[in-house]
Amino acid sequence: MLLNADNITLIKNKHTLVRGASFSLQVGQLTALLGPNGAGKSSLLKVATGITKTSIGTVQLDGADLDTLSTIERARKLAYLPQMRELAWPSRVRDVVALGRYAYGVSSTRSAHRSTARDTDAINKALTDCDLNSLQKRNCDTLSGGELARVHCARALASEAPVLIADEPITALDPLHAFHIMTLLQTHARNGGAVLVVLHDLALAARFADRLIWMQQGKLVADGPVEQTLTEDRLASVFGVEGRVLGREVTLLGPA
Amino acid sequence: MRASTLNTLLAVTSVLALVAACSIGSVAIPVERLLAALVGTDSASDVIVVWHIRLPRALAAYLVGASLAASGAALQGLLRNPLAEPGVLGVSACAALGASAVILWGAATSPWAIPIAAVTGALTATALIAAAAVNTRSILTLILVGVGLSSFAGALMSLMLNLAPHPFSLADLISWTLGSVANRSLPDIAFAAPFLLVAAVFLTVARSGLAVLTLGEEAATTAGVNLLRLRLLVIFGAGLATGASVALAGAIGFVGIIAPHLIRPLVHHDPGRSLFPSALLGGLLLVLADIGVRVMPGSVELKLGVVAALLGAPVFVLIVLRRRGV
């Protein structure tokens, strides 16, 4: 168990965004977090990543309390792909991916020989895995949305952090690029990582995830393997839509 | 271009510009006489002209340009916007306000008074902007906070002029707020130097974090950046550098926006890597501008700050217009 969240409750400006959420991320599993807009998914991710402090409850990362870890220690164990991914500057693709190695002391302001072979390997592998080798010298402002999504994904993978948490990584991507990113996340889990990803595409979630966590109005309402938790009743109660479920196939028909 | 090549190129050009600044003037001093004067073995008049007039002036221009450009580059990295700059954000105005208060009320009994007052003013402004930055995602809001700070500092400055005790100090003050490095001495530089040194250390340490901040604050934190520490480094670094340069030369605008703007494409838009070459270019630009001010014909010498604003403001507007969105 790489990440364990226990009884997380997040209260902001007197609004309870997350109440009593407990879940854990297992090695080798891709877990999808599902729920309608405003259910508190992003808030839950921010607590799980340590960006926001939980009001009540604890988060343990690889056996250590998240609050006790330094930002560097945390970054070596957990990588995060936030929802807002606009770059401030039109940086070079390879430079952006290399930022994923910051926690290991790699920095653009130091000379290249200070980064170890392991750093270079991690950056090269991430670039190759995300199919960015031909783009690595391009500036990010010349990339398409799908290419940029792969750059961010490569940045997160380059950190070699076992836990990977992504907030809607495939929103606004065409089906092929969405498949590509989901495959990358799945491979990361298969190689000994643990992945938690917020998705709005239920069909892709059902297809790629090992486990689904359903969230509604700040609470986790179901947590388990796709086959067990993906039901027509749940689609109606959580999303308010009528759908047909056939194993891992899901078809949405309209409002329930 | 490799960063080291760029830095070497700028450093060599800077030295040449400083030599030119010491050599060019109403009395031309050729390079061999200049070298002799620098080691103090030549005619007394050359030694006085070089050591007491031209070198302090050129060094002051260089340090002020470098500090403002480095502050600009660091603030741009922290606020993730190319329009952030000590002048635009009101940091220079607050520093000038602090220094003016000391000058006007004759509290400048110690040579440390003006630098300390200017640095205090600048730090107050950077801290206020950083505090606003925590609470807002919008860079437009921050720029407007800066405009507000600038106006408020300007209003307080007017109030002080209004209540000024002696008309004599009034003229002094106005001339100083225009921004100039004329008649600076080596001791003036020495009193600004400690602040500049600390600022240089802070900003140098901040560089790698600023590079990661390209990803946004949340991604940068989870990538291992200690945001609070980074903010403090930039606030204190930019505040000290801007305060000390205002103490040295008054308010000189736009160097902090133009130098980083020119450097950024040469370092692949990496805010960390842009810091050092921006400082070198900022220094170089102000030394060249100051040579221009000195050799320009006419009975009244133009103030460096006036020339910088005349050239800088249109460039600022161009940068704004060429940007997509804010």
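Keep in mind that what you see is a predicted model, and the values were worked out from it rather than measured. Just so it is clear: chains get the letters A, B, ... in the order the sequence lines come, proteins before strands, and each one is counted from 1.
Scanning residues 60-81 of chain A against chain B with a 4.5 Å non-hydrogen threshold yields A/T71, A/I72, A/R74, A/A75, A/L78, A/Y80, sorted by number. The interface of residues 42-57 of chain A with chain B, defined by heavy-atom distances below 4.5 Å, comprises A/K46, A/T49, A/I51. Taking 4.5 Å as the heavy-atom cut-off, none of the residues of residues 232-246 of chain B approach chain A.
Across all non-hydrogen atoms, the minimal contact from A/W89 to B/Q76 is CZ2-O, 3.3 Å. Of all non-hydrogen atoms in A/L99 and B/A223, the two that sit nearest each other are O-CB, 4.5 Å.
Legend: residues meeting side chain to side chain contact (heavy atoms under 4.5 Å, CB included) with A/P90, ordered by chain and number and at least two apart, are A/D141, B/H269.
Contact of B/N226 with chain A is made through backbone and side chain together, with heavy-atom distances under 4.5 Å. Within the 4.5 angstrom heavy-atom criterion, atoms from both the backbone and the side chain of B/P82 approach chain A. Interface remark: A/S159 contributes no atoms to any contact with chain B (heavy atom separation under 4.5 Å). Contacts of A/R101 with chain B are absent, with no heavy-atom separation under 4.5 Å from either backbone or side chain.
Between B/R273 and A/D95, some side-chain heavy-atom pair lies under the 4.5 Å cut-off.
If you tally non-hydrogen atom pairs under 4.5 Å between each of A/S91, A/A98, A/C140 and chain B, the highest count goes to A/S91.
Applying the 6.0 Å contact sphere to OH of B/Y62 captures more than 12 heavy atoms from other residues, nucleotides or ligands.
Taking CZ of A/R94 as the reference point, atom NE2 of B/H268 lies at 12.0 Å (rounded to 0.5 Å). How far CG of B/L215 is from NE2 of A/H152: 7.0 Å, rounded to the nearest 0.5 Å. Atom CG of residue B/L210 and atom OG of residue A/S107 lie 10.0 Å apart, to the nearest 0.5 angstrom.
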